[in-house]
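The figures that follow rest on heavy atoms only: side chains count, while hydrogens, waters and symmetry mates do not.
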Amino acid sequence: MVKDCSTDTVARAVREYEGVTRKREIGDMIRSLRIESPDIVASFGEDAAVIRHNAEDALLLAADGIWSRLMEADPFWAGYCAVLVNVHDIAAMGGRPVAMVDILSVTDDRIRDEVTRGMVAASAQFGVPIVGGHLHPETPYSVVDVAILGTARMDQLIFSNTAEEGDVAVAAIDLDGRVHPACCFNWDSVTMKSAETVRAQIRVMEDLGKERLVTAGKDISNPGVIGTLGMLLEVSGKGAVIDLEAIPRPDLSAIDLSFEQWVRMYPGMGFILTVNPANVEEVRRRFADVGITAAAIGEVNGTGRLSVRYLGRETQVFDLDRNGIMGIFSDGGACR
């Protein structure tokens, strides 16, 4: 049982979490950037843009940056995460990562050396090379951004905006890890694992896409497990009720972690999926085979609202139709 937990406190913690609130700027920026192109299959709202390469294949393109506060706290971990989050973005689309480039701005050589050491460690572990980029030395701030290229067959892509009513929401998280000492909202389940293990975990998403075992998916990012599900539902135009007790979690009392903090964590390996009920057990088995705990946490509906349920009580977290997390569709547009 989840200890000392209420639906009201969880809903408020997620709504007010900076990992969620900082996403609200996305919609305004997208409206100023969107340009239509016949070769762009998917763009804003997805973890990676999908670019038609030929009749059967797609290129996947994504980029991500690391909060400056993490750079200041632990530049090695910031460099590692810069690679990790981009590999996740390609995997979440059912793709295979190919190569990365980076843009690094640093205040001094020590930070530069630690960030690049972290990037190289993750690059080698996941088997995705860094092939170029740009350096801004002696800047008044330290920031690292990485862009990644991936590939996928057109018929194996996993989108965010294709969840369907009646689907089961599934959370898949590697619970074998630790709270990272540099950031209380990072669950590190990767740095202690072998390259073989983390690569097998990433390949699960590619296999799920190939066999059409999921209807939609995203990697669990800074908004945490509930916030990330909210983002998926927002672009799908759907809602859901999720059971807090069902969310995969380690022994929180043993690591002195509150449930409200756990659901806001960025996991080292984690995905949110929507799955036809007939495929849930197979999806859970695929993740279990690589050491990831996957669980059915709720059901997708057509309400446009995400709510959490526990011990017979239910609280709305987001009204995604009226006040979306990203606000991408307030002008009636679509991500593809």
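In this structure, Asp8 and Arg313 have side chains that are in contact, with non-hydrogen atoms separated by less than 4.5 Å. For the pair Met154/Glu56, no side-chain contact is recorded, criterion being any heavy-atom separation below 4.5 Å from C-beta on. The side-chain heavy atoms of Leu70 and Asn186, taken from C-beta on, include a pair separated by under 4.5 Å. Here the side chains of Tyr266 and Leu84 are in contact, with some heavy-atom distance below 4.5 Å. Looking at heavy atoms from C-beta onward, Ile242 lies out of side-chain contact with Val225 at the 4.5 angstrom threshold. Inter-residue side-chain proximity for Thr293 and Asp174 is flagged as unmet; no heavy-atom pair is nearer than 4.5 Å. Residues Pro181 and Trp77 have side chains not in contact (no heavy-atom distance under 4.5 Å, counting atoms from C-beta outward). With contacts defined as side-chain heavy-atom distances shorter than 4.5 Å, the pair Trp187/Ile255 qualifies.
Clustering ILVMFWY residues whenever any of their side-chain heavy atoms sit less than 4.5 angstrom apart, transitively, puts Phe126 in the very cluster that holds Val290. Connection of Leu104 to Tyr141 is not established within any shared hydrophobic cluster, with ILVMFWY side chains joined at heavy-atom distances below 4.5 Å, either directly or through further cluster members.
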**OP:** Carefully, step by step, assess Glu206 and Lys210 under the rule salt bridge (charged side-chain N to carboxylate O under 4.0 Å, His left out).
**Re:** CA-CA 6 Å; Glu206 184 179 352; Lys210 284 180 180 177; 3.7 Å; yes
**OP:** Give the intermediate values and the outcome of side-chain contact (heavy atoms from CB on, under 4.5 Å) for residues Val143 and His136.
**Re:** CA-CA 10 Å; Val143 176; His136 293 294; over 6 Å; no
**OP:** Test Val235 against Phe159 for side-chain contact (heavy atoms from CB on, under 4.5 Å), laying out the working first.
**Re:** CA-CA 10 Å; Val235 296; Phe159 295 100; over 6 Å; no
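Just one residue in the list Arg117, Arg110, Arg112 forms a salt bridge (Lys or Arg N to Asp or Glu O under 4.0 Å) with Glu114, and that residue is Arg117.
The environment of NE2 in His53 is sparse: at most 12 heavy-atom neighbours from other residues, nucleotides or ligands sit within 6.0 Å. More than 12 heavy atoms of other shown residues, nucleotides or ligands fall within 6.0 angstrom of atom CZ in Arg199. For CG of Asn54, the number of neighbouring non-hydrogen atoms (other residues, nucleotides, ligands) closer than 6.0 Å is greater than 12. The 12-atom threshold is not exceeded at CZ of Arg322, counting heavy atoms of other residues, nucleotides or ligands nearer than 6.0 Å.
Applying the salt bridge (Lys or Arg N to Asp or Glu O under 4.0 Å) criterion to Glu281, with sequence neighbours excluded, gives Arg284. Residues satisfying the salt bridge (Lys or Arg N to Asp or Glu O under 4.0 Å) test with Asp188, not counting sequence neighbours, are Arg178.
Closest of all the heavy-atom pairs between Asp219 and Asp89 is OD1-OD1, 3.2 Å. Contact detail for Ile173 and Ile220: the closest heavy-atom pair is CG1-CD1, 3.8 Å. For Gly217 against Leu273, the heavy-atom pair with the smallest separation is CA-CD2, 3.9 Å. Closest of all the heavy-atom pairs between Pro97 and Val87 is CG-CG1, 4.3 Å.
Side chain to side chain, Ser160 and Glu46 meet the donor-acceptor criterion of an N or O pair below 3.5 Å. For the residue pair His180/Tyr80, the side-chain donor-acceptor check at 3.5 Å is not satisfied.
The pair Lys238-Asp167 fails the salt-bridge criterion, with no side-chain N (NZ, NE, NH1 or NH2) lying under 4.0 Å from an Asp/Glu carboxylate O. Salt bridge annotation for Glu282-Arg286: present, with a cationic side-chain nitrogen under 4.0 angstrom from a carboxylate oxygen.
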